Amino acid sequence: MKIDDNFYMKLAIDEAWKYQLLTYPNPAVGCVILKNGRLLSIEAHKEAGQAHAEVNALKAAYLVDYPNSPLKTKSKSSDIHDFFLENHNGYFNDCEIFVTLEPCNHIGKTPSCANLLKVLKPKRVIISVKDPNINASGGLESLINANIDVSIGILEKEGLNLILPFVSWQNRTCIFFKMAQTLNGTINGKISSNRGLAYVHILRDKIDLLAIGGNTVRIDKPTLDSRYIQGNNPDIFIYSKNKIFDKNIPLFNIPNRKVIISDDLFKLLDYKFIMIEGTYNLLDKLKERIDFIILLISPKIKNGSNALNEIDMDFEIMHENYIGEEKIVFLKRK
């Protein structure tokens, strides 16, 4: 039976997008494993410091045929690596492993995935894109030198879109814009569901700085924390020429937080990973500085403000998925 590499790589890419940005400062990576054409696992890297996508997929695949294995009690990446090094018994020799990013070739917070795959000797390893991080790259050559059949460049465009945020924060300050709207484009008032808000709070937990417009602060009087998940609270940049604000607004009273009020956008460069929360006015002012946009679309029609006719921007959809009932669209400028 001929395997459709594109189909299974798409499964891996879609799984990785579920954890996009949540793996910061690591890239989002997905992995799919087949054994003699039988789909065993679809997994992803879920959080920095935890097991990489390949390790999660190897574990899930092995447990399909050995559900009572001691492996199921192991969660640390190093423990899973050690288990497979001692107990694999050639299980993966007839497997095809699809991974969205070249397996890492270095030992950091977790062991090298390339070194593990060299020992497991799968039938094939299919990769979408090479790792742009020179400290972790080299896995491709390592696998080839171990006489493993390797293919690269499968759904390369989609793989590059997946690591666009990672490439951005590797090389410079990464800035993305988050906006919520209804089906008819309404952007003001409460729009997102509780699940959608929790997702935004997860993003706030990961970023270094949250930027917002001064008028939004004065009108909405927000807190801008990550209380839904009890996470970290980022510093705040209020983009405003008028520096006078009511200091009783909740965002000014979050402990261990720096609040910057300025119209000097160069101050953003003091931070590495920045989310801008706003609507079309702020998007128009900052459009030349953003790397990508996250648009949350709520499945309802609501009376209120919507698009500005003056904005003229073309986008490419990188990916779409769902958080509960809400659609999340990842966009980049053409």
Side-chain angles (χ1 to χ4, degrees), residues 8-33 40-63 71 74-84 92 95 97-117 120 122 125-140 142-143 152 154-155 158-170 174 176 199 202-203 205-207 229 231 273 292 294 318-319 321 323 328 330:
Y8 290 106
M9 186 61 75
K10 181 66 163 57
L11 292 181
I13 289 172
D14 286 348
E15 188 67 18
W17 271 104
K18 296 177 183 179
Y19 302 92
Q20 183 63 272
L21 309 184
L22 309 185
T23 60
Y24 176 78
N26 292 352
V29 180
C31 185
V32 165
I33 296 181
L40 294 184
S41 62
I42 306 172
E43 284 290 342
H45 179 46
K46 299 173 182 178
E47 189 174 351
Q50 294 186 5
H52 288 183
E54 299 94 317
V55 175
N56 285 331
L58 290 166
K59 175 183 175 180
Y62 190 83
L63 290 176
L71 175 64
K74 302 182 186 300
S75 58
K76 285 181 60 178
S77 183
S78 57
D79 292 341
I80 299 171
H81 275 248
D82 290 343
F83 176 89
F84 280 130
F92 296 100
C95 286
I97 298 178
F98 295 78
V99 61
T100 61
L101 187 66
E102 175 186 16
C104 64
N105 201 45
H106 80 306
I107 299 173
K109 291 183 178 178
T110 61
S112 163
C113 292
N115 285 343
L116 178 59
L117 292 175
L120 300 184
V125 176
I126 304 93
I127 302 167
S128 180
V129 294
K130 280 185 67 67
D131 194 333
N133 179 4
I134 59 173
N135 295 322
S137 63
L140 173 65
S142 184
L143 295 175
I152 190 164
I154 310 303
L155 296 186
E158 291 84 347
L160 289 172
N161 279 340
L162 177 63
I163 64 168
L164 183 150
F166 175 67
V167 172
S168 298
W169 66 58
Q170 280 282 298
C174 176
F176 68 97
Y199 172 72
I202 292 172
L203 294 178
D205 173 59
K206 300 298 180 183
I207 60 174
I229 63 162
F273 192 27
F292 57 96
I294 298 178
M318 296 194 292
H319 192 75
N321 56 31
I323 295 290
I328 301 178
F330 293 84

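For clarity, every value in this text was computed on a predicted model and none was experimentally measured.
- The nearest pair of heavy atoms linking Ile154 to Ser128 is O-OG, 2.9 Å.
- Using a 4.5 Å cut-off on side-chain heavy atoms (C-beta onward), Leu101 and Ile127 make no contact.
- The side-chain hydrogen bond (donor to acceptor under 3.5 Å, both in side chains) search around Lys59 returns none, not counting sequence neighbours.
- Minimum interatomic distance between Cys104 and Pro111 (heavy atoms only, all atoms of both residues): SG-O, 4.1 Å.
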Give the intermediate values and the outcome of side chain to side chain contact (heavy atoms under 4.5 Å, CB included) for residues Val29 and Phe166. CA-CA 11 Å; Val29 180; Phe166 175 67; over 6 Å; no
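- For the atom pair Trp169 CH2 and Ile207 CD1, the distance stands at 12.0 Å (nearest 0.5 Å).
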Please evaluate residues Leu71 and Ile80 with respect to the criterion side chain to side chain contact (heavy atoms under 4.5 Å, CB included), reporting the C-alpha separation (whole Å), side-chain torsions for both, the decisive distance (0.1 Å), and the verdict. CA-CA 7 Å; Leu71 175 64; Ile80 299 171; 4.0 Å; yes
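- Residue Ile97 comes nearest to Cys31 through the heavy atom pair CG2-SG, 3.7 Å, listed as atom of the first residue, atom of the second, then distance.
- Minimum heavy-atom separation, Ala44 to Ala16: CB-CA, 4.1 Å.
- Residues meeting the side-chain hydrogen bond (donor to acceptor under 3.5 Å, both in side chains) test with Glu43, sequence neighbours left out: Lys46.
- One finds the CG atom of Leu162 at 5.5 Å from the CD atom of Gln20 (value rounded to the nearest 0.5 Å).
- Annotation: side chain of Leu40 is not in contact with side chain of Val32 (no heavy-atom distance under 4.5 Å).
- By the ring-ring contact (aromatic ring centres under 6.0 Å, His included) test, Tyr199 is found to be paired with no residue, residues two or more places apart in sequence or in another chain being considered.
- How far CD1 of Ile294 is from CG of Leu21: 4.5 Å, rounded to the nearest 0.5 Å.
- Once rounded to the nearest 0.5 Å, the distance linking CD1 of Ile33 with CD1 of Ile42 reads 11.0 Å.
- Every residue meeting the salt bridge (charged side-chain N to carboxylate O under 4.0 Å, His left out) condition with Lys18, not counting sequence neighbours, appears here in chain and number order: Glu15.
- When all heavy atoms of Trp17 and Asn161 are compared, the closest pair comes out as CZ2-O, 3.8 Å.
- Once rounded to the nearest 0.5 Å, the distance linking SG of Cys174 with CZ of Phe292 reads 4.5 Å.
- Residue Thr110 holds its OG1 atom at 6.0 Å from NE2 of His81, rounded to the nearest 0.5 Å.
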Side chain to side chain contact (heavy atoms under 4.5 Å, CB included), that's the test. Do Ile152 and Ile126 meet it? Break it down for me. CA-CA 6 Å; Ile152 190 164; Ile126 304 93; over 6 Å; no
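- Residues Asn26 and His45 come closest through the heavy atom pair ND2-NE2, 3.1 Å.
- Side chain of Glu102 to main chain of Gly138: a donor-acceptor pair is present (N/O by atom type, distance under 3.5 Å, no hydrogens or angles).
- The shortest distance between side-chain heavy atoms of Glu47 and Lys206 falls below 4.5 Å.
- Judged as a ring-ring contact (aromatic ring centres under 6.0 Å, His included), and not counting sequence neighbours, the contacts of Phe92 are Phe84.
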Go through it in stages, so that I can follow the logic: the residues are Leu117 and Leu58, the test is side chain to side chain contact (heavy atoms under 4.5 Å, CB included), and I'd like the CA-CA distance, side-chain angles, deciding distance and then a yes or no. CA-CA 10 Å; Leu117 292 175; Leu58 290 166; 4.3 Å; yes
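- The side-chain hydrogen bond (donor to acceptor under 3.5 Å, both in side chains) check on Asp14 picks up Lys10, with sequence neighbours excluded.
- With Thr100 contributing its side chain and Ile13 its backbone, the two residues share no donor-acceptor pair below 3.5 Å.
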